[in-house]
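Letters A, B, ... are given to chains in the order of the sequence lines, protein chains preceding strands, and every chain is numbered from 1.
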Amino acid sequence: MLKRFWPWFWFLVGAVYFLVPLYATFDFSLRARRGELSFAAYANVLNDIRFVESFWFSLQTALATIAISALVIVPTAYWVQLRLPRLRPVIEFFTLLPFVVPAVVLVFSLARTYSRTPLTDSREGLWVLLIGSYVILSFPYMYRAVDTGLRSINIHDLTEAAQSLGAGWFTILARVIFPNVYVALLSGAFITFAIVMGEFTIAALLAQPAFGPYMNRLASSRVYEPSALAIISFALTWAAIAAIQWIGQGSQARVAGPR
Amino acid sequence: MAFLEIVGVRKSFGATVAVENFDLTVERGEFVSFLGPSGCGKTTTLRMVAGFEKPTAGRIVIDSVDVTDMPPNRRNIGMVFQSYALFPNMTVADNIGFGLKIARRPANEIRARVEELLRIIHMPEFGRRYPYQLSGGQQQRVALARALAIQPKLLLLDEPLSALDAKIRASLRQEIREIQRQLGITTIYVTHDQEEAMALSDRIVVMSRGRIEQIGTPFEVYNFPATRFVASFVGTLNLIQATVVDAAIGLLTVEGQPVRVASSLQSHRSGDAVSLAIRPELITLDGQVHREVNRLSGTVEDVTFLGSIVRVQVRFAAHRLHFDLFNNPQLRPPQPGSSITVQFAPEACLVLGEEASPAQSLSASAARAA
């Protein structure tokens, strides 16, 4: 009996710790109008052109980050596993660096390194620098997700099978490796998505009109709207996780192997 | 000119030599197996033929084209892997048609070829399934069809049946051989299973420690092993310590009992210790053969019923010897503890040198027996 009690007890403690603040935020976001519960704060947020612009900006940045990360990291992780397994500890060490180097240090280093280049002279250049920073930030999540995905399939034999059937490296990557690490890539991609959508430090220091700085500005100037925005952010993140689960179902079964 | 020529091939990984002095010619349509224990270099050799490993020395010629430096995707070689290596994201039909798509063949040709191969592997209704929906045996048949789809010059199979259970292995083995004969495709098959190699092959290449020990038909390799390794690795063998009494006439003694071999022991002298190798099926009960025979008397130690045969273990002095009797419900098998005399012909005896040395009179004995 006690064996069952304690797991449930700790589960409930965790759930309360997580859900109570969330419920409080949601409840607070509904009280924009005195004496009644309404979605007025949500309407205000969604009608604000700066919300749409910053959200759209961050969405594009997130998608660009994911695309570049995928194009860089999948071939890298694949090649390391296939031909350079001794380099794995080195790469894994690099994946830890974004956790160790603070975002402030990272952005000042990048800004200093690329000062007086097109990357810091124009708005487009700064956007590229922002994406570059996010690729570095997302590196641990993307690399580890892809690496785990690659380990779940026999890339050596799949590569050699494709080669024996006449496929070159590009075909192998595009038609054999990418589709089979799709789910892993997707999970890394959505973590990247969540990070980019909420990132504040780098975007603010590079003076980019991103969603993170917008949320921060809103929090300092409005009362109920920041809570509504927080709930919207949660909803988007959960929608992303649900999408991973839904899209990944078929693919996970396919790579499950022989019965 | 042979269809496949492997000339003086050597492969080393750092200081470790995986394959050395490998010379082999394979005729068009021939089925050749590389047989040997783990680590003997058979898979490395196969991978060099496929192009996945580059020989450190030597050359590989397929159909008069030197492919030694050619990348694997340009060799037109079909390969079947132990792990099946089917693409999990593709259906069975897509897997089989993959090589043809790479070769940019027309869609209707691909469809027709895929259907033909699905028929050949007896899986016409499985085209739309994914690999995870198939059993191991079915997956391997698809892998075979995929390798054959591109109409390769050479088919390479790397222990394709190792991951399957015994019953499926036996039936798939037969299927592979039938398909190979039907298509007449030159095939190299890697296995550590001697029974598999003997059942499938036109010729067997027995390997040990990166070297070829013997090349021959299954009959030759089993009956006339060229080296001590082949004798002990292929089939079951009784090894008995003996002493040379008269090398000129091939007379030995085993625990005081005389044994005659078919050839003279030119490289031995009287008093030399040798090993006497005898296949269990060449030993019979006393009185069953009416010609010059060797006889050894001992005590029945154990009797094992194996269905169609009964394996009898006889002890005489410090030696144990196994022999097989066909099961006959009308005859009572020997009983443990009873005295027994077994016999074998001088031609059944292979004389092996001491442990470290190569086979001595093995070839001579074999040739005479032949």
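Surrounding CZ of B:F126 are more than 12 heavy atoms belonging to other residues, nucleotides or ligands, all under 6.0 Å away. Within 6.0 Å of the CZ atom in A:F99, the count of heavy atoms belonging to other residues, nucleotides or ligands exceeds 12. B:E195 CD: 12 or fewer foreign heavy atoms inside a 6.0 Å radius. Counting non-hydrogen atoms of other residues, nucleotides and ligands closer than 6.0 Å to CH2 of A:W79 gives a total above 12. Counting non-hydrogen atoms of neighbouring residues, nucleotides and ligands closer than 6.0 angstrom, the CH2 atom of A:W8 reaches no more than 12 such neighbours. Residue A:F170 places its CZ atom among 12 or fewer non-hydrogen atoms of other residues, nucleotides or ligands, all under 6.0 Å distant.
Taking each heavy atom of A:L158 and B:P88 in turn, the nearest pair found is CD1-CD, 4.1 Å. Residues B:N89 and A:P179 share a closest heavy-atom pair of ND2-CB, 3.2 Å. Pairing each heavy atom of B:M90 with each of A:R175, the nearest pair is CE-O, 3.5 Å.
No side-chain heavy atom of A:D157 sits less than 4.5 Å from a side-chain heavy atom of B:Y84.
In terms of non-hydrogen atom pairs under 4.5 Å with chain A, the most contact-rich of B:G78, B:A50, B:P72, B:P71 is B:P72.
Atom CZ of B:F81 and atom OG of A:S164 lie 5.0 Å apart (nearest 0.5 Å). Between the CD atom of A:Q163 and the CZ atom of B:R75 there is a distance of 10.5 Å, given to the nearest 0.5 Å. Here the CG atom belonging to B:L100 is positioned 9.0 Å from the CG atom belonging to A:L165, to the nearest 0.5 angstrom.
At a 4.5 Å heavy-atom cutoff, the contact between B:R146 and chain A is made by backbone and side-chain atoms alike. Contacts between B:I77 and chain A at a heavy-atom distance below 4.5 Å involve the backbone alone (N, CA, C, O). Looking at B:F87, both its backbone and its side chain come within 4.5 Å of chain A, counting heavy atoms on both sides.
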